[in-house]
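Given the structure is predicted, the values throughout are model-derived calculations rather than measurements. The figures here come from the full heavy-atom set of this structure, side chains too, leaving out hydrogens, waters and symmetry mates. By convention in this document, chain letters (A, B, ...) are assigned in the order of the sequence lines, proteins followed by strands, and residues within each chain are numbered from 1.
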Amino acid sequence: MTNPDGRPKLPLAMAYDPARIEKKWQQYWEENQTFRAELDPSRPKYYVLDMFPYPSGDGLHVGHPEGYTATDIMARYKRMRGFNVLHPMGWDAFGLPAEQYAIKTGTHPRVTTERNIRNFKRQIQSLGFSYDWSREIDTTDPNYVRWTQWIFRKLFEMGLAYEAEVPVNWCPELGTVLANEEVIDGKSEVGGHPVIRMPLKQWMLRITRYADRLIEDLEELDWPEPIKKMQRDWIGRSEGAHVRFPVVDHPEIAIEVFTTRPDTLFGATYMVLAPEHPLVDAITTEENREAVSAYVERAARRSERARMADTGRKTGVATGAMARNPVNGAEIPIWIADYVLAGYGTGAIMAVPAHDERDWEFARTFDLPIVQVVEGGDVDRAAWTGPGRATASGFLDGLETEDAKRKMIEWLEAEGVGKGTVTYKLRDWLFSRQRYWGEPFPVVHHEDGKIELIPESDLPLTLPELDDFKPTGENFEAPLARVKDWIETTDPEGRRVLRDPNTMPQWAGSCWYFLRFLDPTNEEAPWSAEAENYWMPVDLYVGGAEHAVLHLLYSRFWHKVFYDLGLVHTKEPFQKLVNQGMILGESFRYFDDDIADEKKEPVKRYSFDQIRETDEGPVAKDDGRPLKARWIQLGDVAYDAEGNPVHPEDPDLRLERVVEKMSKSKGNVINPDDVIREHGADSMRLYEMFIGPLEKAAPWSTEGIQGIHRFLQRAWRLFHEGKEDEERYRPPVEGAGTDEQRRLTARTLQGVTEDIEAMRFNTAISKLMVFVRDIAKKDPLPMASAEIFTLMLAPMAPHIAEELWSLMGHENTLAYEPWPEPDGRYLEEDELTLVVQVNGKKRGEIRVPAEASKELVEERALAHENVQKILGGREPRKVIVVPGRLVNVVAPA
RNA sequence: GCCCGGGUGGCGAAAUCGGUAGACGCGGGCGACUUAAAAUCGCCUGGCCCCAGGUCAUGCAGGUUCGAGUCCUGCCCCGGGCACCA
C-alpha cells in the first residue's frame, strides 16, 4: 500500500496488538501451508510429537498448551536448524465421557465428538502452533478404525489376541471391565468408582510374551529414569524357581509353588494356597471342610479394597492336609490364606517364616514353627530377609545366598522336583470393554465356539446406529449385544454367526497413531515402509507423566509386534520422552457443616483457622463436628481492606488460598480463550514456558502473565517510536552496532541456543528479557542485533517475531530462516572481573586482563586492600586461583 | 511400609563442572512524567546489627574441603509411584 507520492503508507495505529497480528500470521501460515511436511530423504528429519488429546467437552485446559508450546518451540527451532520437521496433531476421540454424555442426553457420541474436536482445533490453532494440519487424525474416523482393526487381525493371526475366562476388574458404575493398569487402589482410574473382581470371558492381548524385551529395550531410551523404573516395576520380573511339593495321602497331587528364595527351602515349615486355588477342594480334609469353605466364601465376597485395607493383619485356615518338603522329607501343614494372591506365581507358596516378613507374621499369628536357615538377624524378633550364609540346610550349609540359590536350583532340576523360572507381575492385557463408543472387534463367533476374523476387505467394521447407549447391566453385556440385526450376521459361506458385542479400549487408537501420522491418507496400508523408514522413530515425545505405564507400555508393546512383522524398523517408537509438569490453579476455600449437601439452613461456616484435619476429614476446632470443604469460584472471591481473600457474602469469613490441580468443582480453572483474548497467544506461550522448568508443576498466576506481556511490549517498542496510537515503525540502524551491542547480541544468542537445545525455556526467555532491557540503552538498535533477536524470539513467540521480521522488510516467513551463529570474536572479554576471597569469603573484586597469568592474578589479589588488612602483614598459607572465576587467599590460622 | 522426585527471598525461580547465592519475572517501596489516575520509564527490595561496613542465611544436625545450594551421613517435611508380587 502506498501514498499518492509513492512512499509506503505507514498505518497510524501500530501499538503492539496481539489480536491483529496473531490472526494475520495464523492466516498466512494456513494459506501458504507453511508447515506442511513432505518426505525428503536428502534432508535430516526431526519428528516431534505431543501426546494427542482426548477432545473433552470442557475444551482446552491451560495445562494442554504447556507441552504443546514446548514441542512447538522445538519444531520451529529445528526447522531453522535445517531439519525436515514432522509435527502433527490429532484426536484420541473414542472414550467414556462422550458415551456417558450420550447416556445422559441421548446425543450420539459422534455428534459430541465432532463438536468437541472442532472446538479443540479452534483453540489449539489460536495458539499459533506449527502443526501440519494436513495430517490430522481422528481415531474414530472409519478410515482410521479400519487400520486399528487391521492391526487387531495381525495380533490375532500371531496368536497374541485370545479370548479367555479370567478374573477381571468389573466396574458396576461404568458397566465395563477395566485393565489392571486402569485400577488404582481398587477404584477405577476414571471417576474413582469401586471395582470388583469376577471371572468373565474377555479378549486378552499377550503382552507378557514381550515382558523381557519391554524391560531390556528401555536401556537405550532417553527417558526420565523414574518412568523407566515405573515400567520395570510394573512388569515386575523376578527370578526364582518352581518347586513341587507332593501332598501326603494324595499320590496324584503335587502343589507347585514359585519362590525367589530356593536357598531357604529347608526352612519351609508350612504351605499356603490362595483361597481361589483349584486344589483347595481336593486336599481339604473332612474335619476342616466347613471352616475352609467358609473362609473361601468370605474371601471371594471381600472386595479388593477391603482386602488391601487389611494388609498386615493375617487371616487363614488350615486344610488339614499335609505336604512333604522335597528337600528333607518333612511333613508340613497346608493352609489357606488371602495373603497369597491367586494371580501371581502359581497361587501357592512355600512359607519360610524365618526369612519372609509375611510368612513370619502368619506363623506368629497361628503359632507355626520358625526355622532359621540363613545366618543374620534375630528371627525370634523379625524375619531376616537379607543375604547370609546358609545353615541347617544340609548340602547348602556354608554357602552364601547367591551360591545357595544356584546350587538348590541345580539340585531341584537334577531330582526332577523343580526348576529355575522367571515370573512377572505383568499380566496379559485385558483388551475388551463393554462399551459402545470404541472399535468393534473384527471377528465373528461360530455356533461351535470357533472365532474367525472377518475378511480384510470387509474392514472397517463400523458401529451400528443406536439410540440407547446404556450398559444393559444384565449378564455383564455390552450395549451392542442388544443390536440383534448387527450382532446376528452370516459369514461368506452363509453360515449364521455372531459378531462380538465388545469394543476395544481407548488405548487401541493411541497405540499406533504416531505411525499413521507418517502417512495419514494411505488407502493400501496403515503406513508405507518408505515413510516409516524416513520419519521414525519419534525424536521427541512430550506428555503427562500419568501415562507412564498405560499408554507408553501398550504402545511400546504394539510397536514391538510391528517390528516382528517387519512393519517398522526400530525396536522402540519414542527415542526421547519428556514429561511436562502440571499447571496448578489457585483456589479459595472455606468449610461448612452441611456435610450431606442438603442445603440446610442455617449453615455454619468455618474459616481455615477454625478447623482441624483428621483422618476422617476436617472437623470444627470448637465442638469437633465434621465439616466439608467448599470452594469459591475464582471470579467471585472478594477481598478485605488488607487484601485478604474473603467470602463474597460474608466479608468476615477469611478464605484459604490453596494451590491445587485445576478442576471445575474447585472453581480454579483458567480458560485459554480468556487468556488469549486478554494478552495474546504469544504471551500465553511465553508465560507457560517462563514459570519454571518444563518438568515441574507450577501454579498459574494472573499477575505473572502481565510481566511477560510487558516484555513483549518492550520488544515491540524497540522497533517503534511515538506515543500510544501514533506509534510508528522505526527501522533499526544499519550495521552491527557498538562493541558492547555486538557482545550482548553474541552472548544472548549463545545462551539462548544452549537453553533451547536443553529445553530450558525459562532461562532462554530471561536472557531475551535482559537483551531487550539493555540493547538500546545507550545506542540505537542496530539491524544485525534486531534480526538476530527476532529470529531467537521466533520459536517461542512466533507471531510477534513474524510481524517484526516483515516490518524489517523481509518478504517471506522467518520459519525457515537459518538459525544465526554467534560471532565468536564477541564472546570473549578482554578484561575479567575476578572475585577475591579470604578463607572462602568474598572480600573484594579485581579487574585483570583475560590472558593474565596465575602469578599476576595472585599478586594483584594479595595487593587488594581488604586482603592486606586481614593478613596484617602475615604470609598467606596458600593461594588458590580458579581461572576466570576467583582467587582464594588462605590466611594463616 | 518400600521406591523415586523435591525443600533456595513475600511468591514463580536462577546458579547444571564444588568457585561471587538469589539472574529474570511477579508482588512491594520510592521517584519521574501527568491537573489526576492508568500506562510508561528510572532506582531500591533476604534477615539482623554498632549500616562507607559487618554478620547470619539455600528444610534441620553433623562431616569432607582453601571453598558446599551443589558431595557424604543421619533426621524432618512436601509431592508422586508401588503396595501382602513369595
Below 4.5 Å, heavy atoms only, C-beta onward: do A:V296 and A:H277 meet side chain to side chain? no
Side-chain N or O of A:R714 versus OP1/OP2 of B:U40: is the shortest distance under 4.0 Å? no
Only counting residues at least two apart or in another chain, list the ones meeting side chain to side chain contact (heavy atoms under 4.5 Å, CB included) with A:A211. A:I235, A:Y424, A:L426
Rounded to the Å, how far apart are A:R885 CZ and B:A21 P? 12 Å
Any idea how A:W429 and A:Y554 line up, ring-wise: parallel (<30°), tilted (30 to 60°), or perpendicular (>60°)? parallel
Are A:Y270 and A:F362 near enough that their ring centres are under 6.0 Å apart? yes
Listed once per pair and sorted, the ring-ring contact (aromatic ring centres under 6.0 Å, His included) pairs that draw on residues 223-244 of chain A, sequence neighbours left out: A:H242-A:F258
5′-ward residue of the pair A:E225/A:D356 relative to RNA chain B: A:E225
Nearest-Å distance once atom C1' is located in both B:G12 and B:C2: 33 Å
Taking the side chain as every heavy atom from C-beta outward, state whether A:R298 and A:T315 have any pair of such atoms under 4.5 Å apart. yes
Quick one: is B:A13 close enough that its OP1 or OP2 comes under 4.0 Å of any side-chain N or O from A:S766? no
Conformer about C1'-N of B:G54 - syn within 90° of 0, anti elsewhere: anti
Non-neighbouring partners of A:V890 that pass side chain to side chain contact (heavy atoms under 4.5 Å, CB included), sequence neighbours left out: A:N839, A:R877, A:K878, A:I880
Judged by whether its glycosidic angle lies within 90° of 0, B:C51 is syn
Heavy-atom check, side chain of A:I691 versus side chain of A:I583, under 4.5 Å: yes
Review item, side-chain donor-acceptor pairs of residues 545-553 of chain A, under 3.5 Å, at least two apart:
unit_1 : atom_1 : unit_2 : atom_2 : d
A:H551 : NE2    : A:Y541 : OH     : 2.7

Considering only the C1' atoms, how many Å lie between B:G25 and B:C78, rounded to the nearest integer? 25 Å
Is there a donor and acceptor pair closer than 3.5 Å between the side chain of A:K314 and the base of B:C84? yes
Between A:R244 and A:E256, is a salt bridge (charged side-chain N to carboxylate O under 4.0 Å, His left out) present by the stated rule, with each step listed? CA-CA 4 Å; A:R244 271 187 308 280; A:E256 183 155 281; 3.4 Å; yes
Short side-chain N/O contact to B:G27 OP1/OP2 from A:R710, under 4.0 Å: yes
Indicate, with a heavy-atom threshold strictly under 4.0 Å, whether A:T259 touches base, sugar-phosphate, or nothing. sugar-phosphate
Between B:G19 atom P and A:L832 atom CG, what is the distance in whole Å? 17 Å
Grab the OH-C1' distance between A:Y344 and B:A83 for me, whole Å please. 14 Å
Using the P atoms only, state how far B:A21 lies from B:U70, rounded to an integer number of Å. 14 Å
In whole angstrom, give the distance that lies between atom CG of A:L273 and atom P of B:C84. 19 Å
Using the salt bridge (charged side-chain N to carboxylate O under 4.0 Å, His left out) rule, take A:R237 and A:E239 through it: C-alpha gap first, then chi angles, then the decisive distance, then the call. CA-CA 7 Å; A:R237 180 192 152 98; A:E239 288 179 24; 2.9 Å; yes
Between B:A13 and B:G59, how far is it from one P atom to the other, in whole Å? 14 Å
Between B:U8 and B:A14, how far is it from one P atom to the other, in whole Å? 11 Å
Closest to side chain of A:V835, choosing from B:U20, B:C84, B:C3: B:U20
Heteroatom pairs (N/O) under 3.5 angstrom, protein to nucleotides 9-12 of chain B:
unit_1 : atom_1 : unit_2 : atom_2 : d
B:G12  : O2'    : A:I691 : O      : 2.5

Using a 3.5 Å limit on both pairing distances, list the dot-bracket string of RNA chain B from the 5' end; Watson-Crick and G-U wobble pairs count, crossing pairs take [ ], interstrand pairs take |. (((((((..(((......[....)))((((((.......))))))((((...))))..(((((..]....))))))))))))....
Under 4.0 Å, counting only non-hydrogen atoms across every strand here, what does A:K425 touch: a base, just sugar-phosphate, or nothing? base
Would you classify A:V770 as touching base, sugar-phosphate or nothing, given that sugar-phosphate means primed atoms plus P, OP1 and OP2, and contacts are heavy atoms under 4.0 Å? sugar-phosphate
What is the distance from NE2 of A:H547 to P of B:G81, rounded to the nearest Å? 13 Å
Per nearest nucleotide of RNA chain B, the residue lying toward the 5' end, A:P226 or A:R760, is A:P226
Sugar-phosphate, base or nothing in reach of A:N762, heavy atoms under 4.0 Å: sugar-phosphate
Does a side-chain N or O from A:R717 land closer than 4.0 Å to OP1 or OP2 of B:C41, or not? yes
Qualifying residues under salt bridge (charged side-chain N to carboxylate O under 4.0 Å, His left out), relative to A:K778, sequence neighbours excluded: A:E740
Select base, sugar-phosphate, or nothing to describe what A:S238 touches, counting heavy atoms under 4.0 Å on all strands. sugar-phosphate
Salt bridge (charged side-chain N to carboxylate O under 4.0 Å, His left out) involving A:R760 - partner list, sequence neighbours excluded: A:D755
Can you check whether A:M796 reaches A:L768 side chain to side chain, under 4.5 Å on heavy atoms? yes
Could you run down the sub-3.5 Å N/O contacts of the protein with nucleotides 54-56 of chain B?
unit_1 : atom_1 : unit_2 : atom_2 : d
B:U55  : OP2    : A:R843 : NH1    : 3.4

d(CD, A:E660; P, B:C78) in whole Å: 16 Å
Letter per nucleotide, 5' to 3', of nucleotides 66-73 of chain B [B base touched, S only sugar-phosphate touched, - untouched; heavy atoms, 4.0 Å]: BS------
Considering every strand and a 4.0 Å limit on heavy-atom distances, what is the contact class for A:P224: base, sugar-phosphate, or nothing? nothing
With side chains defined as the heavy atoms from C-beta onward, is the minimum distance between A:L368 and A:P353 less than 4.5 Å? no
Any Lys/Arg nitrogen of A:R364 or A:E361 sitting under 4.0 Å from an Asp/Glu carboxylate oxygen of the other? no
Restricting to pairs with a member in residues 692-714 of chain A, which pass side chain to side chain donor-acceptor pair (under 3.5 Å), not counting sequence neighbours? A:S683-A:H709
Rounded to whole angstrom, note down the P distance from B:C77 over to B:C26. 36 Å
Determine whether A:D356 and A:I349 make a side-chain contact, defined as any pair of heavy atoms from C-beta on separated by less than 4.5 Å. no
Interface polar pairs with nucleotides 28-30 of chain B, N/O, under 3.5 angstrom:
none

Distance, rounded to the nearest Å, where A:H355 contributes NE2 and B:C84 contributes P: 23 Å
